Number of protein chains: 2
Amino acid sequence: MNVEQWKEEFFLILDEDKMTQKQKQILLAAVEVFAEKGYAGASTAEIAKRAEVAEGTIFRHYRTKKELLLSIVAPVMAKLVAPFLIEDIRKILDKDFPSYETFLRALIINRMEFLRRHFSVVKIFMQEIPFHDELKENFRHYVIENVLTRFKQIVEHFQERGELIELPVMAIIRHTATSIGGLLIARFLIIPEEEWEEDRVIEETVQMILYGIKAKG
Amino acid sequence: MNVEQWKEEFFLILDEDKMTQKQKQILLAAVEVFAEKGYAGASTAEIAKRAEVAEGTIFRHYRTKKELLLSIVAPVMAKLVAPFLIEDIRKILDKDFPSYETFLRALIINRMEFLRRHFSVVKIFMQEIPFHDELKENFRHYVIENVLTRFKQIVEHFQERGELIELPVMAIIRHTATSIGGLLIARFLIIPEEEWEEDRVIEETVQMILYGIKAKG
DNA sequence: CAATTTAATGAGTAAGTACTCACTCTTATT
DNA sequence: AATAAGAGTGAGTACTTACTCATTAAATTG
């Protein structure tokens, strides 16, 4: 995966201007090593070496190794829920998303773009979640508070309009999220080297989510 | 999660009889610590302590820490693909699985039972896959060789019979696996404490996979 | 340009780390 | 009961770990 690809975007999330050159090198190297070996398996010595920086410099900017991890992961996690941060989702519905299908398509494209930019950091985040209570807590708060409540509104909206079946809202959300997540994992984690016709697989996925895989008639 | 629950089954996979009492304690403790802190974050000192065994005893039975990890993970991985190991899947189809729906339902129930028994070890396995090439290689071989080829046969079979839509086989497999995986992750990882009406959510999942979430008419 | 703050260094430290080994204890075999 | 073989031990080893601190270099300010 190409470092250059997400580098700029990554520093747009942090406030890059207030960082020294060496600090940027440290973050870049840390992302690399954390993604490769995991937090526990990564040594500050190696991060320093790859950043071409003295080990002490790391601890001038980050008091502990864990603080370094959080400074990488936290801002990306904040952006992870971005598409659900819209103040009043109901104003967006019908206008921008006249159907669940339109919404679905936009969501998939949006999340694909996000992962293309921040894959390394998201990978670190997912790898480390089981071992750090701060991450777990933070994630639960973000997801439940923002994503889940908005997502519920959306599903209920289209259920009221008769476009979605009357299964439990959580079941529909789970199935939608799961199907999109599966596509993203296949695309970026399992077989990233394959030539993906993204437009086609997105359409296939939308179709399967909405109409299932059973033949009609 | 309940240790007692999977303990017996776990030792059925290994050949328990040829192990000493202390060796069993070591394995049990290792599973516990690996699941909690990850491989790199787990120290042999702590494993020994929890197993109530001297640290040297661990290395009497396992030459390295990694050998200990593999001895836990390998046999469970072998069983992971069990439902697809049937010699000739075509003999099973139509007789035991007259429809994809029947097959789906059986698969979900089977995998749920499996996870209920081996959740800790599967968790370790999934946590460590990114960091150990042996695991990655082994998994790829098992999955591609066994699961994928059989699964392809099954999907093609029901496509020929006109029960499944004519999307690419891999797309259908991905969507099926993804939907089941999502259910299992929600059930055992994200909200295991919730009271799950398993029969109901299984039926919901089967329905959504086959018919989607769009209302008819 | 001098003064002061801030960034960067790398040798040093105490607390781990996985693993070894000479030894003892237990169990099975003759 | 004597012998052999394996299981279990825990102090010891060489090495790595995250983190500190006195010192030097660079940048910022009056």
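Lettering of chains follows the sequences in order, A, B, ..., and the numbering in each one begins at 1. What you see is a predicted model, and the numbers here were worked out from it, not measured in a lab.
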Between [X] ([atom1]) and [N] ([atom2]), how many Å, whole number?
X      : N       : atom1 : atom2 : value
E46(A) : dT17(C) : CD    : P     : 19 Å
I26(A) : dA8(C)  : CD1   : C1'   : 9 Å
F59(B) : dC19(C) : CZ    : P     : 5 Å
K66(A) : dT17(D) : NZ    : P     : 18 Å
E52(B) : dG8(D)  : CD    : P     : 14 Å
Q25(A) : dA8(C)  : CD    : C1'   : 12 Å
I58(B) : dT20(C) : CD1   : P     : 13 Å
I47(A) : dC19(D) : CD1   : C1'   : 13 Å

Listed nucleotide nearest any side-chain atom of A54(B), set dC19(C), dG10(C), dT9(D):
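When the side chain of A54(B) is considered, dT9(D) is the closest of dC19(C), dG10(C), dT9(D).
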Within 45° of the six-membered ring axis of F114(B) and under 6.0 Å from that ring's centre, is NZ or CZ of K79(B) located there?
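No; the conditions do not both hold, so K79(B) does not lie above the ring face of F114(B).
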For E137(A) and Y142(A), which I'm curious about, is there any donor-acceptor pair between the side chains at under 3.5 Å?
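There is no such pair between these side chains.
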Are side-chain N/O atoms of E128(B) and H132(B) paired as donor and acceptor at under 3.5 Å?
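Side chains of E128(B) and H132(B): pair found under 3.5 Å.
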Establish, with yes or no, whether the OP1 or OP2 oxygen of [N] is under 4.0 angstrom from a side-chain nitrogen or oxygen of [X].
X      : N       : result
K65(B) : dA18(C) : yes
T20(B) : dG6(D)  : no
S43(A) : dT16(D) : no
T57(B) : dA7(D)  : no
H61(B) : dG6(D)  : no

Difference in axis direction between the ends of the helix from dA3(C)-dT28(D) to dT30(C)-dA1(D), five pairs, 10°:
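Computed from the C1' atoms at both ends, the axes differ by 10°.
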How many angstroms lie between atom CD1 of I92(B) and atom CZ of R150(B), to the nearest 0.5 angstrom?
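Rounded to the nearest 0.5 Å, the CD1-CZ separation comes out at 10.0 Å.
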More 5' along DNA chain D: A42(A) or R60(A), using each one's nearest nucleotide?
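On the 5' side of the pair lies A42(A).
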So F97(B) and F103(B), would you call those rings parallel, tilted or perpendicular, with 30° and 60° as cut-offs?
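Ring orientation, 0 to 90° scale: perpendicular.
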Output, in order, the C-alpha distance, side-chain angles, deciding distance and verdict of side chain to side chain contact (heavy atoms under 4.5 Å, CB included) for E36(A) and R50(A).
CA-CA 13 Å; E36(A) 238 171 70; R50(A) 283 213 212 176; 2.8 Å; yes
Is A40(B) touching bases, backbone alone, or none of the nucleic acid, heavy atoms closer than 4.0 Å?
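Since no nucleic acid heavy atom lies under 4.0 Å of A40(B), the category is nothing.
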With R105(B), the side chain to side chain contact (heavy atoms under 4.5 Å, CB included) member among T205(B), V206(B), N110(B)
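Passing option: V206(B).
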